[in-house]
Every structure is written in C-alpha cells, then in structure tokens.
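Just below is one structure, and these are the notes that go with it.
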Amino acid sequence: MSIIEFNDKLTRIVRGRTIQLVAQEEGLVTIVFHYYSTMWVKVAGGPTMNMLGECRIESVGESEAGLNLVGEDGCIATLRLAEPGSSITVKDENGQVEYTG
C-alpha cells in the first residue's frame with residue numbers, strides 16, 4: 001500500500017476548479033476546467049481511472065502509484081504518472097504556466 005502525500009502547491013492552484021472535460025490519448029490526459037484553465041498529465045500505460053466527472057477539485061495527492069485528484073464529493077481519480085516529478089503542467093486561461101512538476 002502506497003502512502004499518499006498531499007501536494008499543497010498543486011492543491012492551492014486547482015482547488016475549487018470545476019472539471020468540464022477530461023480527454024485521454026496515448027500517454028496524456030488533458031483536464032479542462034471551468035474558465036478554460038488546463039492541466040496536462042503525462043501518464044504511463046493504458047487507460048486511467050476517472051471517477052470525478054464534472055465536479056470540483058478538493059485536493060491533490062501523490063504516491064508511488066501516481067496522482068490522486070479528490071473531488072469535493074469524495075470521489076477520486078487516480079492517474080499513473082509517466083515520470084513522477086515531471087509529468088504535470090497546469091496553465092491558466094491565458095496560457096500562462098501556473099504549475100509544473
């Protein structure tokens with residue numbers, strides 16, 4: 001069992017944002033939030049689990065297994081990171097980088 005560590009910096013950036021769209025292609029998950037800020041996550045392997053739907057983000061955690069996005073209603077989406085520490089990019093609605101890691 002992996003220990004999940006709270007990612008304070010990423011949580012501060014995306015907390016309260018509502019997911020509008022989740023798209024997946026080979027090795028990449030794109031999450032578009034309300035007001036068109038976007039998070040790209042480079043993922044390992046095949047399909048990832050998305051249990052969030054169109055909800056608001058409450059917190060973000062990381063473990064050896066990957067990135068855990070927790071919704072306000074308690075639902076969790078787990079994304080298996082391709083390279084921990086360099087697989088996540090968040091840009092605001094103007095295309096300015098808010099987070100990389």
Side-chain angles (χ1 to χ4, degrees):
M1 180 179 196
S2 300
I3 296 174
I4 297 174
E5 292 187 32
F6 184 69
N7 184 322
D8 187 51
K9 184 176 181 181
L10 184 54
T11 294
R12 282 193 318 266
I13 292 168
V14 299
R15 175 181 279 143
R17 294 187 187 184
T18 302
I19 295 172
Q20 284 195 315
L21 173 71
V22 177
Q24 181 177 346
E25 56 188 69
E26 186 73 27
L28 183 68
V29 172
T30 302
I31 300 172
V32 179
F33 297 105
H34 188 65
Y35 298 115
Y36 305 104
S37 59
T38 307
M39 178 165 49
W40 291 273
V41 182
K42 295 177 191 172
V43 294
T48 57
M49 186 172 93
N50 177 17
M51 299 298 294
L52 292 176
E54 293 183 7
C55 74
R56 290 172 57 114
I57 298 293
E58 173 64 29
S59 64
V60 181
E62 292 183 70
S63 68
E64 290 177 13
L67 181 72
N68 297 301
L69 301 170
V70 180
E72 288 182 345
D73 61 359
C75 290
I76 298 173
T78 301
L79 305 173
R80 293 179 294 161
L81 298 175
E83 297 177 40
S86 64
S87 293
I88 305 164
T89 302
V90 178
K91 291 186 179 181
D92 68 15
E93 64 276 3
N94 297 315
Q96 299 296 311
V97 174
E98 294 182 280
Y99 179 90
T100 58

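Computed from a prediction, not measured in an experiment: that's the story for all the values here.
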S59 meets the side chain to side chain donor-acceptor pair (under 3.5 Å) criterion, sequence neighbours left out, with none
Is any side-chain heavy atom of I76 less than 4.5 Å from a side-chain heavy atom of L69? no
Quiz question: by atom type and distance under 3.5 Å, do the side chains of D92 and S37 form a donor-acceptor pair? no
So, using side chain to side chain donor-acceptor pair (under 3.5 Å) as the criterion, who are the partners of R12 when residues are at least two apart? D8
What do you reckon, is OH of Y36 surrounded by more than 12 foreign heavy atoms closer than 6.0 Å? no
Determine all donor-acceptor pairs shorter than 3.5 Å in which one atom belongs to a side chain in residues 25-32; sequence neighbours excluded.
none

In terms of heavy-atom contacts, T11 and E58 come closest through CG2-O, 3.8 Å
Could I get the full list of side chain to side chain donor-acceptor pair (under 3.5 Å) partners for E93, not counting sequence neighbours? none
With sequence neighbours excluded, residues passing side chain to side chain donor-acceptor pair (under 3.5 Å) with E54: none
If you look at every heavy atom in I13 and E98, which pair is closest and at what distance? CD1-O, 3.3 Å
Contact check, side chains of V90 and V97, non-hydrogen atoms, under 4.5 Å: no
Residues forming a side-chain contact (heavy atoms from CB on, under 4.5 Å) with S86, sequence neighbours excluded: E83
